[in-house]
Protein chains: 2
Amino acid sequence: MTGAGRRSGQDTKARIQEVALTLFTEQGYEATSMREIAERLHITKAALYYHFKNKEDIVVSLFGRQMAAVDDLIDWVADQPPGPGLPREVVERWVALSSELGVRLFRFAMANQHVLRELKPRREGAFERFQVLLDAITDPDAPVAEQLRTRVALLSVQMCLMAGRGLEATDDELTDAARALALELLGPPARPAAGTGAGAGAAGTGTGA
Amino acid sequence: MTGAGRRSGQDTKARIQEVALTLFTEQGYEATSMREIAERLHITKAALYYHFKNKEDIVVSLFGRQMAAVDDLIDWVADQPPGPGLPREVVERWVALSSELGVRLFRFAMANQHVLRELKPRREGAFERFQVLLDAITDPDAPVAEQLRTRVALLSVQMCLMAGRGLEATDDELTDAARALALELLGPPARPAAGTGAGAGAAGTGTGA
DNA sequence: GTCTATACCCCGATAGAC
DNA sequence: GTCTATCGGGGTATAGAC
């Protein structure tokens with residue numbers, strides 16, 4: 001019986017998140033003040049601090065699921081033996097993750113790197129976590145040009161989303177193009193050689209985006 | 001006779017720029033306060049405002065030459081007839097520009113997109129200006145995947161610089177790899193067909209980085 | 001448990017004295 | 001050319017009303 005006339009705390013919290021994401025995306029994180037968020041909801045600044053520790057905490061709450069998903073991917077990578085097929089696997093999973101999280105949040109994350117960079121919920125920052133993925137798929141013995149190709153492949157997903165701004169294309173089209181480009185950069189699929197029996201079903205791992 | 005014991009205004013201004021660039025790069029633009037900059041130079045906040053209109057203006061002064069160079073490139077592009085060889089030309093010039101400006105400033109620009117984005121010295125913002133370049137080399141009639149390849153090619157410089165963090169590679173190596181990657185993404189060089197007599201000497205246009 | 005009122009200190013920026 | 005003083009507004013903390 002909490003859902004009628006009176007406003008439940010859950011509801012308010014969700015509304016704050018909604019307004020905050022909108023404003024952060026439209027005008028940027030720094031350019032959006034706590035007062036501005038509060039005014040849109042007809043509450044006071046202090047009320048925000050009942051629901052969230054601080055301004056950063058709102059962002060953290062918005063990216064909570066996503067950060068956890070990235071952490072899962074990192075943990076998964078840590079358990080994998082290095083091999084020629086690993087980069088493709090990681091790229092596939094990374095693309096799936098990106099489209100699942102939503103292009104909207106991904107764009108926000110890119111345009112506000114400086115905010116995400118400072119968050120320290122687990123591990124280091126969002127930025128350093130991506131570095132872990134990059135390092136995991138980089139063969140330290142390969143020539144620099146080759147190392148860069150592999151790393152750029154993973155980055156190309158973000159780049160396609162960025163470069164796609166202003167193009168007449170749906171988010172799905174962009175995501176598909178990003179995957180195609182990333183895989184192309186990795187070169188022809190390494191045949192499962194001998195011992196490594198990993199390269200089977202590719203992407204569809206759990207979420208099914 | 002202004003260079004001895006007394007401190008000239010020119011000197012102070014340069015010292016401010018030096019300290020500001022260091023702090024901005026180390027801890028970010030927003031995380032660096034005017035007071036902090038002033039304290040390092042043993043002057044007060046207000047003194048900074050004698051040399052610079054505001055905080056943004058310090059950044060503008062740092063990027064002045066570079067912004068002008070980008071503007072020149074945009075103007076040049078605007079005068080070119082669209083053609084299959086144009087993307088390669090633009091990429092070559094963009095890579096040359098990037099290495100000339102210095103990898104340091106380029107990294108700062110990427111990590112602080114949100115600042116550059118709001119600058120309005122001429123035209124719109126630094127971000128929108130890059131969009132002009134992207135649009136200039138994009139063939140609106142090509143399939144989306146093809147359009148993205150072209151646009152990502154131009155972005156490859158930024159990607160390599162980003163992906164190269166943590167790699168044992170010199171800035172020159174990264175720049176070279178970026179150019180190679182960009183040209184590869186653009187596909188085989190379009191033969192000069194018939195009428196377009198532009199694709200001659202490629203990059204070396206003025207600066208000679 | 002939910003929110004308001006109020007106060008704190010730092011920030012960027014300006015005006016005016018020296 | 002540099003300082004002091006001051007302004008409005010930002011994020012944050014807390015006391016207390018309901």
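Letters A, B, ... mirror the listed sequences (proteins, then strands); counts begin at 1. Since this is a predicted model, take the numbers as computed values, not measurements. Values below: every heavy atom of this structure, side chains too, minus hydrogens, waters and symmetry copies.
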(request) Kindly calculate the angle separating the two end axes of the helix from C/dG1-D/dC18 to C/dC18-D/dG1, each obtained from five base pairs, and round it to 10 degrees. (result) 0°
(message) Distance check needed: D/dG10 C1' versus A/E56 CD, whole Å only.
(response) 15 Å
Contacts under 3.5 Å, N or O only, protein and nucleotides 16-18 of chain C:
none

(request) Would you mind checking if A/R93 and A/E89 are paired as a salt bridge, meaning a charged N to carboxylate O distance below 4.0 Å? (result) yes
(message) I want to check something: taking the side chain as every heavy atom from C-beta on, are A/F130 and A/L154 in contact at a cut-off of under 4.5 Å?
(response) yes
(request) Using whole Å, report how far NZ of A/K13 lies from P of C/dG1. (result) 13 Å
(request) Apply side-chain hydrogen bond (donor to acceptor under 3.5 Å, both in side chains) to B/H114 and list each qualifying residue two or more places apart in sequence or on a separate chain. (result) A/H114, B/E30
(message) Would you say CD of B/Q10 has more than 12 non-hydrogen atoms from neighbouring residues, nucleotides or ligands within 6.0 angstrom?
(response) no
(request) Say whether, by atom type as modelled, one donor and one acceptor occur between the side chain of A/Q147 and the main chain of A/P140 under 3.5 angstrom. (result) yes
(request) Report yes if some heavy atom in the side chain of B/V157 is under 4.5 Å from a heavy atom in the side chain of B/T175; otherwise report no. (result) no
(request) Round to a whole Å and report the spacing from OH of A/Y49 to C1' of D/dA15. (result) 17 Å
(request) When you get a sec, tell me which of C/dT14, D/dG11, D/dG1 is the closest nucleotide to the side chain of A/K55? (result) D/dG11
(message) Strictly below 4.0 Å, N to O, side chains only: are B/E18 and B/K13 in salt-bridge contact?
(response) no
(message) Under the rule for side-chain hydrogen bond (donor to acceptor under 3.5 Å, both in side chains), what residues qualify as partners of B/T150, not counting sequence neighbours?
(response) none
(request) With sequence neighbours left out, write down each residue that passes side-chain hydrogen bond (donor to acceptor under 3.5 Å, both in side chains) with B/E39, or none if nothing qualifies. (result) B/R35
(request) Report yes or no: is the cationic atom of A/K55 (NZ for Lys, CZ for Arg) closer than 6.0 Å to the six-membered ring centre of A/Y29, at no more than 45° off its axis? (result) yes
(request) Look at the side-chain N and O atoms of B/T12 and state whether any lies under 4.0 Å from the OP1 or OP2 oxygen of D/dG1. (result) no
(message) From CG of A/D57 over to P of D/dG11, roughly how many Å is that when rounded to an integer?
(response) 14 Å
(message) Tell me whether the side-chain N/O atoms of B/H51 come closer than 4.0 Å to OP1 or OP2 in D/dT2.
(response) yes
(message) Could you check whether A/R149 pairs with B/E184 (Lys NZ or Arg NE/NH1/NH2 to Asp/Glu carboxylate O, under 4.0 Å)?
(response) yes
(message) Heavy atoms within less than 4.0 Å of DNA chain C: which residues of residues 29-45 of chain B have one? Give them sorted by number.
(response) B/T32, B/S33, B/M34, B/R35, B/K45
